[in-house]
Amino acid sequence: MAIAAMGMSGCSQKEQSRPLTIDNALTQDEIAAGRLTPEVMWKMRRAGQSSLSPDGTKLVYTLTDYNMAENRGVTTIHLRDMITGRETVLSDFSSNNLSPRWSADGGKIRFLSSRSGSMQIWEMDPTGSNVRQLTHLDKDVEGFGFNSTGDKVWYVQTVQAAARRSADIHKDMPKSRARIYDDLMVRHWDYWDEGEHRHIFVADVDSKGVGEGRDIIGPTAAWDAPLAPYFDMEEIAWSNNGKMLAYTMKPLTGVEYAVSTDSDIFVYMTETSTTQNICKPRGIESAKEQMPGYDKYPVWSPDDRYIAFRSMRRAGNESDKERLFLYDCQTAQMEDLTADFDYNATNVRWADNSLLYFISPIEATHQICRVSIPNGEVEVLTQGDHDINAFSLASGKAVAEVCTISMATELFDIDLQNGQMTRISDVNRPIYDNIRMGQVQKRWVKTTDGKEMLTWVILPPDFNPEEKYPVLLYCQGGPQSVVSQFWSYRWNFQLMAAQGYVVVAPNRRGLPSFGQEWLDQISGDYSGQNIRDYLSAIDDVAREPWADETRMACVGASYGGYSTFYLAGHHEKRFKAFIAHCGIFDFDSMYGETEELWFVNNDYGGAYWDKDNATAMRSYANSPHKAVDQWDSPILIFTGEFDFRIPYTQSLEAFTAARVRGIPARLVEFENEAHQVFQPQNSLVWNREFFGWLDKYVK
């Protein structure tokens, strides 16, 4: 469920087979205005999915372009010669071309393409020639990976593992339209359980292409590999000898699935068609106690002795520390390589048999780190205010996908000796040359309990300290998601600043990159210190002579939407208006409406009927809906009809309460969106409503 794929959903295959007219040139009016607008932002090209060739001399990556009038986008594959800098486009704009991967010898690029009418595996030479289709399957291929010898491939497809439709169960009632369930989970993220699940298939490869695949999960297994709801193909990895496949799976169903985060690393042996769970070896009961949380993203060492993976210790906590674990395939011993490192480890890559690189969020940025084995200390390689979102290694070279609050993703060469970063792409230069960005300030704010909190303050372009500006408090979602140097096409700080607002974005309690104690504070205490952190940040900026404390608003999505609903009843006249996107309004009903119950069990402290649970009772007592009688400011509410994480009914409840109380309110409900807004024209509507509300009540 990659963002690029979701952003292009809603298009028929007929539309996708018609070449997309690229529309990313600025108009004369946009050039004259010189500022970032929603329309300008959607003309930006989106770089991603980059990978170095095995010899490090070439880089393949994708670019996604959108056409607002057609309400769709197309992803193309590009190649950069790392020696000469020459760029080549390897696919046209008639189909979506995703997930380019190099063959082990660098002679071929395999990729997914919809050019045949469905998403299948294709290959081509690095020049873009000799293109051929490798699979002709009856369903879309959602991900794939060839082994090093090129004689086997894994791919992911959906399988019908169970019957859920009434017409399938009651075959004499073919016109009945009902779903029938005996257990949880009846829906997940943005889809109902129709009995379909993603499974991994392994197939032989010969000169004719890919043969018939074997479902290594089992055709009746009612769970997904890779894991729902994101289905990240990075959770699957071939061994370097090409004979073993490591993958992530959570073989649970029903209530057991809904309350647990217990996923494990499995290894499938192609020669024997057998599978081993390395996190819970048979006969070792203590292993279950040691590895009860998320274990994901296996990566083999070059000699296949070790499997590195990311592990969370605590059961039921989806935001526990992501530890970098090492499994020794010879001894079956486990080792935590980051036990003394108080930050997460993601995007793990092996440089050689004794050195690993990974990305870590550190003080609201994302940096590349490394650790050697055995018994090495973690070294932070890169520095600076940026987000390194992904990187690839090959032949002692590294290329990373990097963004900042003021720059969409670009590609950077990383010097592995000193961490120096050199920008090698410039996909949006025509736009940056014609718009002005606001200054980003890095401010440390004193909290009510005497801590220092990093807060980003984004000033409008052409900022004049002699003037007074309206101020927006941005409340982050997650709730455990860092307010880093991210560039967003939904909640974009520079876009807000370009409309004349000062943006205040605090890294309040409950956010990663400041140590586990800072992160853990929020669980079981939604209405506590993290809310006071918000107010510390906005009060600090409001004291500036250029901040107009009579014109301030509070905005946020998901947990940020909850924060907005809560602060609407507890803001002590600070804010003139509120905007909440897909926020939690009523804790009691939310518990029964959401799907991943481990989340509410961990973050609320338990269920609403658990009267002897002091933490849970404090959470429910401080639900936002219980302070609606204190609401006194206009509120705009966004929601998506396919949002099953925080169902749209939460937004309906809040809208009803506001209007019955006589509070000016507006509800914007997207019938074809879920927890986020991805469709181009929906996004423009969202932005017009967002800024229209602020301009009416704040500016």
Exercise for the section: Give a yes or no answer on whether the side chain of S633 reaches the backbone of F575 with a donor-acceptor pair at less than 3.5 Å. Expected result: yes
Handout entry: R314 vs D520, salt bridge (Lys or Arg N to Asp or Glu O under 4.0 Å): CA-CA, chis, key distance, verdict
Key = CA-CA 12 Å; R314 289 176 290 183; D520 286 341; 3.0 Å; yes
Problem - No-hydrogen, no-angle side-chain donor-acceptor test under 3.5 Å, Y534 and S563 - result: yes
Practice task
Test F690 against every option in Y501, Y697, W491, F578 by the ring pair (Phe, Tyr, Trp, His ring centres under 6.0 Å) rule and name the one that passes.
Solution key: W491
Exercise for the section: Would you please indicate yes or no on a ring centroid separation below 6.0 angstrom for W686 and F638? Expected result: yes
Practice task
Determine, using ring centers only, whether F412 and F391 are less than 6.0 Å apart.
Solution key: no
Exercise for the section: Would you please indicate yes or no on a ring centroid separation below 6.0 angstrom for Y562 and F565? Expected result: no
Problem - Between D232 and Y297, a side-chain donor and acceptor under 3.5 Å - result: yes
Handout entry: Exercise: do E234 and N347 side chains pair donor with acceptor under 3.5 Å
Key = no
Practice task
Assert yes or no for the condition that the ring centre distance of Y604 to Y591 is strictly below 6.0 Å.
Solution key: no
Problem - T594 side chain vs R645 backbone, donor-acceptor pair below 3.5 Å - result: yes
Practice task
Would you check if there is a donor-acceptor pair between the side chains of D449 and T447 at a distance under 3.5 Å?
Solution key: yes
Practice task
Please tell me if the side chains of S311 and D295 come closer than 4.5 Å, counting only heavy atoms from C-beta onward.
Solution key: yes
Practice task
Might you confirm whether atom CG of D340 has over 12 heavy atoms from other residues, nucleotides or ligands at distances under 6.0 Å?
Solution key: no
Practice task
Verify whether one side chain among S523 and D525 offers a donor that lies under 3.5 Å from an acceptor in the other.
Solution key: no
Problem - Backbone of T346 reached by a side-chain donor or acceptor of E322 within 3.5 Å - result: no
